Amino acid sequence: MTSFDRLFIGGAWQPSSGGDIITVRSPHDGRVVGTAPAATTADIDAAVAAAHTSFDEGEWPRLDPSDRAAAVERLAAIYTERMSEMAALITDENGSPITFSQLGQVGAPLMMLLGFPPLVGAFPWEETRTGVAGEFTVRREPVGVVGAITAWNVPQILIVAKLVPALLAGCTVVVKPSPEAPLDGLLLAQFIEEAGFPPGVVSIVPGGAAAGEYLVDHPDVDKVSFTGSTPVGRRIAARCGERLKRVSLELGGKSAAIVLDDADLDLTMKGLRFVSFVNNGQACAAQTRVLASRARYDDVVDALATTTRDMPVGDPHDAATEIGPLVSERQWERVQGYIALGEEEGAKAVVGGGGRPDGLGGGWYARPTVFAGVDNTMRVAREEIFGPVVVVIPYDDVDDAVRIANDSDFGLAGSVWTADVGAGRAIARRVRAGTYGVNQYGPDPMSPFGGFKASGIGREWGEEGLADYVELKSIQG
Ligand code: NAD
């Protein structure tokens, strides 16, 4: 049981001004795994005020970038030592299989903590350019107070991808983790306290939609960095638009894995087993539309059904588990609704279907499901389900496969599976998605990540992630 009785406001632990407690229950068996205070609007006010004062008057934005990098390196060292604790806590909160918690949920943030600081040396904080009327200086200055709002599915990846580049740029940051996963954010706050950042620079204040909305609207927040669903992203974008506030959005996906006719099906299934069902299917970039040629459609469906049946479903703390429970009752109901919808739309569940797997009645477990007989107009092919549900769609030829992959409101990710890497890379160039894999899907944490179309605006990670937290200033004379 991991309980916090205070919030991390302006770098200090403070009681919430309200009495609401977030109780986190294990999605595996419903036991209470921790509690945290729910931030009120007054708590958000206090966090933003601390960030604002620190930005206007404090040392942090004025430090040499290498000194900010040194603080992040101290944080990385603490993170390295306490990774196992963080991974176990995330599995407690959201039911992520422990092997993925170790590899992805905390492995990727650690790579970012290690990968971002070296970027500050080469970053063009101030450069001289020659224009048509002579020389001028271009400066990159921190954007100001950042409000970071994150989802529960990969909570540390999302927080670290915003917090670390924003800090390196010289911003001060108020993070609002989701109410489903407030505990890992507050554990990170302990690491931040130990690493020693100046007062006011970091606040971590978990809360619900109202707290998020209040942070978005706050007049002293200069930039909102949001990761979550596309409907909430649209709402946040509209509010930021009205206020001419900077905003970046990492939203949903419905990514297509194109299986070419020359693909080795055994290798392809080994890959899809992970990239389509990763994190119990609760991954923005999960490859949830599998596109197979008509000639090979039945073979691909059979192979995917066999693979899916083979995945151990159960206690997420068991190292053998590949599919754990969904995060919550709400998410379970959503996934069940889509499984029922697929059947109504005429798709056939060749494995899985509605209800809970045998023997797992005590948690929010869904049956890993593969739908065949799907065409790309069906809602199960167009909408993000966010659970272990994959649809297999037939294509006529390669052009048709690319057309179907692109026929989506989303454009977050994609992959192609083929014996001919050159042909795969040619397809990668034609699909309108922010990240792409040939015979894999697993973007480097220092590569630009984000979405085309309704999958978002802006890019996180790597140099582009750092550039997202600066304003440009041209100085003449
Ligand atoms: P969500 O949009 O419901 O919530 C995300 C966050 O926003 C939470 O902290 C929530 O409390 C807050 N929030 C909710 N309503 C708000 C409002 N009106 N104003 C301000 N904040 C508000 O999403 P979710 O269900 O927590 O997460 C799942 C979604 O996140 C999926 O769509 C998934 O694809 C997406 N996601 C995207 C990425 C990416 O990098 N593109 C990564 C992870 C998850």
Side-chain angles (χ1 to χ4, degrees), residues 22 36 38-39 41 44 90 93-94 96 104-105 108-109 112 147-162 174-182 184-185 204-218 221 224-240 245 247-255 278-288 326-335 338 383-387 408-413 433-435 443 445 447-461 465 468:
I22 304 170
T41 54
I44 301 276
I90 294 172
E93 286 179 305
N94 69 8
S96 187
Q105 299 272 16
M112 291 180 196
I149 299 174
T150 52
W152 46 264
N153 64 324
V154 282
Q156 283 290 299
I157 297 179
L158 306 182
I159 294 175
V160 169
K162 299 177 189 322
V174 176
V175 180
K176 191 212 73 68
S178 73
E180 291 86 351
D184 63 279
I204 300 191
V205 282
E213 205 143 291
Y214 191 77
L215 183 61
V216 168
D217 289 349
H218 203 294
V221 170
V224 174
S225 180
F226 172 75
T227 298
S229 61
T230 292
V232 174
R234 282 187 208 283
R235 186 175 166 85
I236 289 175
R239 295 175 97 95
C240 290
K245 199 173 273 203
V247 62
S248 43
L249 303 165
E250 294 287 341
L251 309 176
K254 191 77 185 178
S255 301
V278 57
N279 205 27
N280 315 330
Q282 299 168 130
C284 53
Q287 310 287 299
T288 51
L326 299 174
V327 68
S328 63
E329 179 174 11
R330 189 176 70 127
Q331 195 61 24
W332 189 85
E333 294 288 354
R334 176 190 168 93
V335 170
Y338 274 108
E383 298 176 16
E384 185 181 49
I385 297 173
F386 226 54
S408 172
D409 294 338
F410 298 107
L412 189 61
T435 50
S447 64
F449 182 87
F452 285 39
K453 302 189 271 182
S455 290
I457 295 177
R459 293 291 181 273
E460 296 197 311
W461 311 3
D468 222 25

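By convention here, the first residue in the shown sequence is residue 1. Reckoned from all heavy atoms, side chains included, excluding hydrogens, waters and symmetry mates. All ligand and atom numbering here is 1-based and tracks the order in the structure. Computed from a predicted structure; not experimentally measured.
- Looking only at side-chain heavy atoms (C-beta outward), Ser248 and Ile457 stay at 4.5 Å or farther from each other.
- Looking at every heavy atom in both residues, Gly434 comes nearest to Arg459 through CA-NH2, 4.1 Å.
- Between Glu213 and Arg239 there is a salt bridge, since at least one side-chain N of the basic residue sits less than 4.0 Å from a carboxylate O of the acidic one.
- Residues with a heavy atom under 4.0 Å from ligand 1: Ile149, Thr150, Ala151, Trp152, Asn153, Leu158, Lys176, Ser178, Pro179, Gly207, Gly208, Ala209, Gly212, Glu213, Phe226, Thr227, Gly228, Ser229, Val232, Arg235, Ile236, Glu250, Leu251, Gly252, Cys284, Glu384, Phe386, Leu412, Phe449.
- Annotation: salt bridge (Lys or Arg N to Asp or Glu O under 4.0 Å) contacts involving residues 278-287, sequence neighbours excluded, are absent.
- Using modelled atom types and a 3.5 Å distance limit, the side chains of Asn153 and Gln282 yield no donor-acceptor pair.
- By the 4.5 Å heavy-atom criterion applied to side chains, Val216 and Cys240 are counted as neighbours.
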